Amino acid sequence: EFVRNGWSIKQLHRLILTSAAWRQHSKVSDQHQQAGLQADPQNRLLWKQNIRRLEAEPLRDAVLAVSGTLSPQMHGPSQAVQRQDSGEVIVSGDTQQHRRSIYVSILRLNPETMLEIFDQPTMSVNCVQRNTSTVSTQALAILNSDGMNRAAVAFAERVLKDQPADPIGCAVEIAFCRPATDTERGILQNFADEQTAVYLQQRTEPERQQPEVLAAAHRSALNDLCHMLLSANEFVYLD
């Protein structure tokens with residue numbers, strides 16, 4: 001097929017990406033699952049899609065896109081990185097901080113932390129195939145990274161601006177591209193209520209009665225909820 005189409009890589013990519021094997025879902029019926037596992041337990045015949053994690057650059061871009069901060073600017077010079085006191089390397093905090101990851105400078109001795117942790121190839125040797133690892137530092141980076149914290153705050157701002165009457169439903173729909181189920185709404189609402197109570201416990205009893213203090217606690221809880229959605233497997237993995 002490759003030779004017949006004049007050695008066109010673009011045509012080959014089009015053929016693969018429009019094929020039934022590529023477009024199928026990883027979730028199948030119990031009957032299909034049982035039959036597939038018996039005939040092809042390693043899924044070498046592609047009877048279902050394999051769950052795969054977003055690569056480093058698309059993951060960072062997805063976080064920026066969901067938070068509403070992704071810059072659409074194309075072309076131009078690359079973005080410099082800087083090392084913080086904590087040791088984390090981030091994109092320099094100028095007006096172009098949120099451009100796509102393709103524009104981030106790749107320094108062999110000073111790689112951007114989030115991209116490096118999620119298996120961006122090193123520049124010291126040629127990379128013919130990317131590795132895909134699952135290690136604890138990835139979860140820790142998502143939960144504790146300054147960049148992820150800022151993205152969660154921006155995500156919460158976007159949610160409150162778009163749907164102030166239903167921030168939880170809006171957040172799930174933006175992050176997962178689907179409506180929230182009733183079960184998820186209940187779980188997330190309980191989480192938001194518990195986090196609000198945690199933040200209010202840090203204030204004195206008279207302060208808890210002040211509307212601005214209560215609003216700030218609700219907002220901090222929504223920040224945490226948005227951060228949790230950005231950390232979820234459904235966001236990080238494609239199925």
Side-chain angles (χ1 to χ4, degrees), residues 54 59-72 82-99 112-114 117-118 136-237:
L54 284 171
L59 176 58
R60 177 179 176 273
D61 291 353
V63 170
L64 295 177
V66 166
S67 66
T69 60
L70 182 65
S71 171
Q82 62 182 16
R83 184 176 293 275
Q84 298 182 302
D85 294 338
S86 63
E88 182 181 6
V89 179
I90 64 172
V91 180
S92 298
D94 56 17
T95 56
Q96 302 302 318
Q97 182 180 13
H98 296 147
R99 297 182 70 196
E112 205 272 349
T113 299
M114 183 65 68
I117 288 175
F118 283 94
S136 59
T137 50
Q138 294 167 349
L140 293 172
I142 288 179
L143 291 174
N144 300 299
S145 165
D146 288 340
M148 289 295 296
N149 287 328
R150 290 193 298 270
V153 172
F155 187 12
E157 290 178 354
R158 177 186 179 184
V159 166
L160 290 175
K161 181 180 178 181
D162 291 351
Q163 289 289 344
D166 184 21
I168 290 179
C170 181
V172 171
E173 188 161 2
I174 292 175
F176 300 154
C177 297
R178 62 168 179 81
T181 65
D182 293 339
T183 300
E184 288 171 336
R185 282 181 177 274
I187 294 174
L188 294 175
Q189 187 61 61
N190 289 337
F191 173 81
D193 293 341
E194 291 173 358
Q195 288 300 101
T196 300
V198 169
Y199 286 113
L200 288 176
Q201 288 176 359
Q202 301 172 6
R203 311 301 291 266
T204 64
E205 184 60 34
E207 289 177 331
R208 296 173 192 170
Q209 308 304 320
Q210 300 174 9
E212 60 273 15
V213 173
L214 183 60
H218 282 301
R219 174 58 188 274
S220 296
L222 182 59
N223 292 345
D224 294 341
L225 188 147
C226 289
H227 197 159
M228 183 173 67
L229 294 180
L230 294 177
S231 308
N233 282 346
E234 187 170 350
F235 182 80
V236 178
Y237 285 82

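In this text, all values refer to a predicted model and were calculated from it rather than measured experimentally. Because only heavy atoms are used, hydrogens play no part in the values below, and waters and symmetry mates are left out as well, while side chains stay in.
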Interatomic distance, Thr137 atom OG1 to Phe118 atom CZ [nearest 0.5 angstrom] | 8.0 Å
Any side-chain heavy-atom pair from Phe235 and Ile142 closer than 4.5 angstrom?
-> no
By side chain to side chain donor-acceptor pair (under 3.5 Å) - contacts of Thr69 (at least two apart) | Ser67
Heavy atoms of Met148 and Ala141 approach each other most closely as CG-O, 4.1 Å
Counterpart residues, salt bridge (charged side-chain N to carboxylate O under 4.0 Å, His left out), relative to Asp146 (two or more places apart) | none
Counterpart residues, side chain to side chain contact (heavy atoms under 4.5 Å, CB included), relative to Val153 (two or more places apart) | Glu157, Arg219, Asn223
Between CD of Glu184 and CD of Glu234, what distance do you get to the nearest 0.5 Å?
-> 7.0 Å
Partners of Glu205 by side chain to side chain contact (heavy atoms under 4.5 Å, CB included), sequence neighbours excluded?
-> Arg208, Gln209
Rounded to the nearest 0.5 Å, the OG atom of Ser145 sits from the CG atom of Leu230 at a distance of 11.0 Å
Hey, does Met228 have a side-chain heavy atom less than 4.5 Å from the side chain of Leu188?
-> yes
List the steps and the verdict of side chain to side chain contact (heavy atoms under 4.5 Å, CB included) for Asp162 and Ile174.
-> CA-CA 10 Å; Asp162 291 351; Ile174 292 175; 4.2 Å; yes
Any side-chain heavy atom of Leu229 within less than 4.5 Å of one from Phe176?
-> yes
Dump the intermediate steps for side chain to side chain contact (heavy atoms under 4.5 Å, CB included) on Leu225 and Gln195, then the final yes or no.
-> CA-CA 9 Å; Leu225 188 147; Gln195 288 300 101; over 6 Å; no
Closest approach of Val159 to Pro167 (non-hydrogen atoms, all atoms of both residues) = CG1-O, 3.1 Å
Identify, with sequence neighbours excluded, every residue that meets side chain to side chain contact (heavy atoms under 4.5 Å, CB included) alongside Glu194.
-> none
Can you tell me how far CD of Glu173 sits from CD of Gln163, rounded to the nearest 0.5 angstrom?
-> 8.5 Å
Leu200, Val213, Thr196 screened by side chain to side chain contact (heavy atoms under 4.5 Å, CB included) with His218, the one that passes | Thr196
Drop me the distance from Cys226's SG to Asn149's CG, to the nearest 0.5 angstrom.
-> 12.5 Å
Between the CZ atom in Arg99 and the OG atom in Ser71, the distance rounded to the nearest 0.5 Å is 6.5 Å
Go through Arg185 and Asp166 one step at a time and tell me if the side chain to side chain contact (heavy atoms under 4.5 Å, CB included) criterion holds.
-> CA-CA 10 Å; Arg185 282 181 177 274; Asp166 184 21; 3.0 Å; yes
Where Ala221 and Tyr199 come nearest, the two heavy atoms and their spacing | N-CE1, 3.9 Å
List in chain and number order the residues that pass side chain to side chain contact (heavy atoms under 4.5 Å, CB included) with Thr183, two or more places apart in sequence or in another chain; answer none if no residue qualifies.
-> Thr181, Ile187
Candidate pair Arg150 and Ile90, rule side chain to side chain contact (heavy atoms under 4.5 Å, CB included), full reasoning | CA-CA 12 Å; Arg150 290 193 298 270; Ile90 64 172; 4.0 Å; yes
Tell me, yes or no, whether the heavy-atom count around Asn190 atom CG, taken from other residues, nucleotides or ligands under 6.0 Å, exceeds 12.
-> yes
